[in-house]
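Worksheet: the structure to be examined is printed underneath.
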Amino acid sequence: MNGDITLTLPDGSVRTYSGPVTGSQLAADIGPGLAKAAIVIMVNGELWDLSREITKDSPVAIITGRDDAALDILRHDAAHILAEAVQELYPDVQVTIGPSIENGFYYDFARKEPFTIDDLEVIERRMVEIIERDEAISRSEMDRDAAVKFFQGMGENYKAELIAAIPEGQAITLYRQGDFIDLCRGPHLPSTGKLGTDCFKLMKVAGAYWRGDSNNEMLQRIYGTAWRTKKELKAYLVRLEEAEKRDHRKLGRQMKLFHFQEEAAGMPFWHPHGWTIYQQIEAYIRRKQQKYGYQEINTPQLVDRILWEKSGHADKFHQHMYTTQSDNRTFALKPMNCPCHVQVFNQGTVSYRDLPLRLAEFGSCHRYEPSGALHGLMRVRSFTQDDAHIFCSEDQISGECVDFCQMLLEIYRDFGFNEVKVKFSDRPTARAGSDDVWDRAEAALKSAIDTTGLDYSLNPGEGAFYGPKLEFVLTDAIGRDWQCGTFQVDFILPERLDAHYIGADNHKHRPVMLHRAILGSFERFIGILIEEYAGRFPLWLAPTQVVVTGITSEQDDYVRQVHQQMTAQGIRVEMDLRSEKINYKIREHSHAKTPVIYVAGAREVVDTTVTIRRLGSKKQQTLDLITAIDQLKHESLAPDQR
RNA sequence: GCCGCUGUAGCUCAGUGGUAGAGCGCGUCAUUGGUAAUGACGAGGCCGGAAGUUCAAUUCUUCCCAGCGGCACCA
């Protein structure tokens with residue numbers, strides 16, 4: 001061979017060069033349009049800078065702004081431009097890291113004074129200048145030790161620390177744009193001008209620990225969002241606004257569902273409307289649990305600390321437990337229900353014939369969560385779990401898991417969640433139990449989750465110390481993930497609390513304990529529901545299902561009569577007898593997200609009918625009163641009762 | 001818990017070193033109307049809590065509490 005290099009394009013066409021060639025050259029050879037649009041080049045499945053020389057025969061693909069891969073690179077570049085702008089404006093800062101993230105990017109800076117919102121505008125303007133300068137972005141390599149010295153020499157100690165952590169002898173890639181040099185894996189755009197001046201926006205400032213460790217100092221993080229086009233940016237900002245309107249904290253106040261106050265931070269006060277939703281869900285779950293062979297129990301709120309010491313909770317979680325003194329004893333408000341459930345199991349003697357024994361409780365728990373973690377109904381200090389513990393033998397784990405997943409999916413679907421993220425968390429480094437037991441537990445859980453056909457991701461090392469677990473995650477309006485359901489295999493607690501059953505061999509055996517919840521907590525689940533439905537609850541959950549109102553006060557008696565009949569049928573109905581115009585009342589009840597409005601005017605009184613208007617529709621339908629009530633009554637049934 | 005921001009009427013928010021204002025909501029009265037705002041009048045506030053500076057603090061300072069955005073945490 002004479003040093004020729006053959007590049008194969010995605011369409012199968014081939015270009016041959018007599019020596020090393022860069023992505024830019026290739027793009028330019030194909031056409032000036034492509035040369036302009038090119039961002040990076042895919043070489044052998046790897047993204048490379050356009051300026052990097054290709055020295056071997058390779059399959060290649062030129063990536064333009066239209067490709068999805070481009071967005072990530074664009075955002076990463078935005079982070080670099082942000083860092084360059086900040087360093088120009090505030091010479092005292094040290095740069096650390098700045099990756100692209102979902103919807104945008106951030107960069108962490110070390111600086112004594114924090115950035116303010118006003119700083120963001122200034123920085124944004126400087127970023128626009130840097131983009132307009134259209135600085136070339138060049139890649140270079142440096143020996144690790146040289147790179148450490150280089151950054152130390154610049155006073156960039158964080159960068160030096162990062163590089164020092166990279167294995168010795170490895171080449172380090174550096175990127176330079178203007179006077180700004182950063183350690184970076186790349187690839188990057190050919191120049192800063194490839195990012196549109198109106199396609200990005202700095203969003204917020206926040207604190208973040210160096211290397212994500214709370215023992216380290218706190219850095220100043222600036223978040224931004226970046227897109228290919230101005231239109232995309234705008235669409236994203238609109239999406240954020242829409243999401244904010246769904247915020248359960250806002251809707252909870254507007255719809256009078258619950259409130260919080262200083263004297264009980266993180267502990268919701270449920271109002272009649274919110275509590276109605278809660279009760280409907282509880283009744284629904286109770287029916288499901290009966291269907292799936294659970295027995296409901298109830299255990300004390302306050303339990304002597306001794307039990308928590310036996311269970312091991314006091315040791316590991318005492319900082320999260322509320323305690324109180326009485327009778328010279330220390331009691332703790334239960335942070336979870338499991339030890340109490342073992343107490344129920346331990347009363348009397350259990351035969352292997354009784355297994356699996358499924359004990360369920362709507363268990364009210366209290367946990368002293370760090371103040372910064374509190375978040376509306378999503379993260380609270382007092383909550384109720386739809387908790388249950390299944391006591392079974394080891395060979396029953398798999399079957400129980402399959403049944404549980406079926407129950408969980410059935411329930412999630414009834415609430416309208418068809419997409420659930422599932423995480424499989426396996427053995428952590430600090431764990432109890434032998435590897436042999438862990439092997440069996442993980443295998444059982446894995447085969448069970450595979451049977452369900454659910455997609456899941458691995459969450460290595462994140463299992464509980466007592467066993468592997470499945471986490472079922474739902475997403476809120478703002479895109480934040482919240483764990484709701486869980487299924488955990490536990491070999492440890494039965495041991496600690498000395499649970500046993502009598503086997504077919506007439507000997508004592510240790511049961512396995514399966515901790516499981518579907519909603520997780522009623523509070524969090526309702527918070528997610530509010531956002532999922534944007535406050536427009538389906539009929540079976542709506543606090544007020546119907547409002548009956550007249551056109552004039554002439555119909556008041558009829559309205560009262562309709563209201564009474566519907567109440568007698570168990571429908572959650574309210575009447576509106578105010579002397580307001582019909583327009584006003586329609587508007588108000590629509591804003592209140594009442595699913596159905598019955599209007600009765602003179603005609604309806606004569607005909608014994610009602611005119612029906614449903615939320616989200618302007619259509620009206622006049623129906624015979626009895627028919628209307630029957631229909632509504634049927635529609636109001638929970639999904640499992642239809 | 002950590003960094004930053006915020007805290008004024010039931011809600012959303014304006015405002016000032018001389019103890020406060022709007023809109024919505026609420027109450028009263030008038031209005032009796034056919035599917036997203038009828039009008040008039042009125043009542044509501046220890047300006048988150050404590051201390052300090054000042055003749056004077058809702059306004060400035062400090063501490064505390066709570067909320068918000070992140071980070072860490074989430075058994």
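Numbers restart at 1 for each chain; the letters A, B, ... are given by sequence-line order, proteins then strands.
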base_contact_polar ([N] base, [X] side chain, donor-acceptor, <3.5 Å):
X: A:Y209; N: B:rG70; value: no
X: A:R613; N: B:rA36; value: yes
X: A:R379; N: B:rC74; value: yes

Indicate, with a heavy-atom threshold strictly under 4.0 Å, whether [X] touches base, sugar-phosphate, or nothing.
X: A:H591; answer: base
X: A:Y584; answer: sugar-phosphate
X: A:T116; answer: nothing
X: A:P114; answer: sugar-phosphate
X: A:F383; answer: nothing
X: A:F260; answer: nothing
X: A:T552; answer: base
X: A:A208; answer: sugar-phosphate
X: A:E604; answer: base
X: A:K316; answer: nothing
X: A:G550; answer: nothing

Check for me whether A:R560 meets the cation-pi criterion with A:Y558, that is, NZ or CZ under 6.0 Å from the six-membered ring centre and within 45 degrees of the ring axis.
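No, A:R560 and A:Y558 do not form such a contact.
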Please give the distance between the [atom1] atoms of [N] and [M] as a whole number of Å.
N: B:rC46; M: B:rA20; atom1: C1'; result: 13 Å
N: B:rC29; M: B:rG15; atom1: P; result: 38 Å
N: B:rC47; M: B:rG10; atom1: P; result: 12 Å
N: B:rC13; M: B:rG17; atom1: C1'; result: 23 Å
N: B:rA72; M: B:rA14; atom1: C1'; result: 37 Å
N: B:rC55; M: B:rG42; atom1: C1'; result: 38 Å
N: B:rU19; M: B:rU54; atom1: C1'; result: 15 Å
N: B:rG23; M: B:rU59; atom1: C1'; result: 24 Å

Electrostatic pair A:E400-A:R358, nearest N-O below 4.0 angstrom
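Salt bridge: yes.
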Using purine N1 to pyrimidine N3 plus N6-O4 or O6-N4 for Watson-Crick, or N1-O2 and O6-N3 for G-U wobble, both under 3.5 Å, which nucleotide pairs with [N]?
N: B:rA40; result: B:rU28
N: B:rU59; result: none
N: B:rU54; result: none
N: B:rU19; result: none
N: B:rA72; result: none

Just to verify, which of A:K469, A:Q488, A:H341, A:H389 counts as forming a side-chain hydrogen bond (donor to acceptor under 3.5 Å, both in side chains) with A:H515?
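By the side-chain hydrogen bond (donor to acceptor under 3.5 Å, both in side chains) criterion, A:H515 pairs with just one of A:K469, A:Q488, A:H341, A:H389: A:H389.
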Would you call the rings of A:Y368 and A:Y322 parallel, tilted or perpendicular, taking 30° and 60° as the class edges?
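Rings of A:Y368 and A:Y322: perpendicular, over 60°.
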With under 30° as parallel and over 60° as perpendicular, where do the rings of A:W227 and A:Y236 fit, or are they tilted in between?
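Answer is tilted, since the angle falls between 30° and 60°.
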Partner of A:Y278 by ring-ring contact (aromatic ring centres under 6.0 Å, His included), out of A:F258, A:F383, A:F525, A:W270
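With A:Y278 as partner, ring-ring contact (aromatic ring centres under 6.0 Å, His included) holds for just one option, A:W270.
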Could you tell me whether the phosphate oxygens of B:rG69, OP1 or OP2, come under 4.0 Å of any side-chain nitrogen or oxygen in A:R249?
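Answer yes for this pair, as a side-chain N or O of A:R249 is under 4.0 Å from OP1 or OP2.
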Would you say A:H375 reaches B:rG67's phosphate, i.e. side-chain N/O to OP1/OP2 under 4.0 Å?
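No, because none of the side-chain N or O atoms of A:H375 sits under 4.0 Å from OP1 or OP2 of B:rG67.
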From C-beta outward on A:Q220, which listed nucleotide comes closest to its side chain: B:rC65, B:rG34, B:rC3?
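Shortest atom-to-atom distance from the side chain points to B:rC3.
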Side chain of A:E580 only, heavy atoms from C-beta on: which candidate in B:rU38, B:rU35, B:rC3 is closest?
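Closest nucleotide among those given: B:rU38.
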Can B:rG44 be described as syn, meaning its chi torsion is within 90° of 0, or is it anti?
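It is syn.
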CZ on A:R572 to NE2 on A:H273, rounded to 0.5 Å:
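CZ of A:R572 is found 9.5 Å from NE2 of A:H273.
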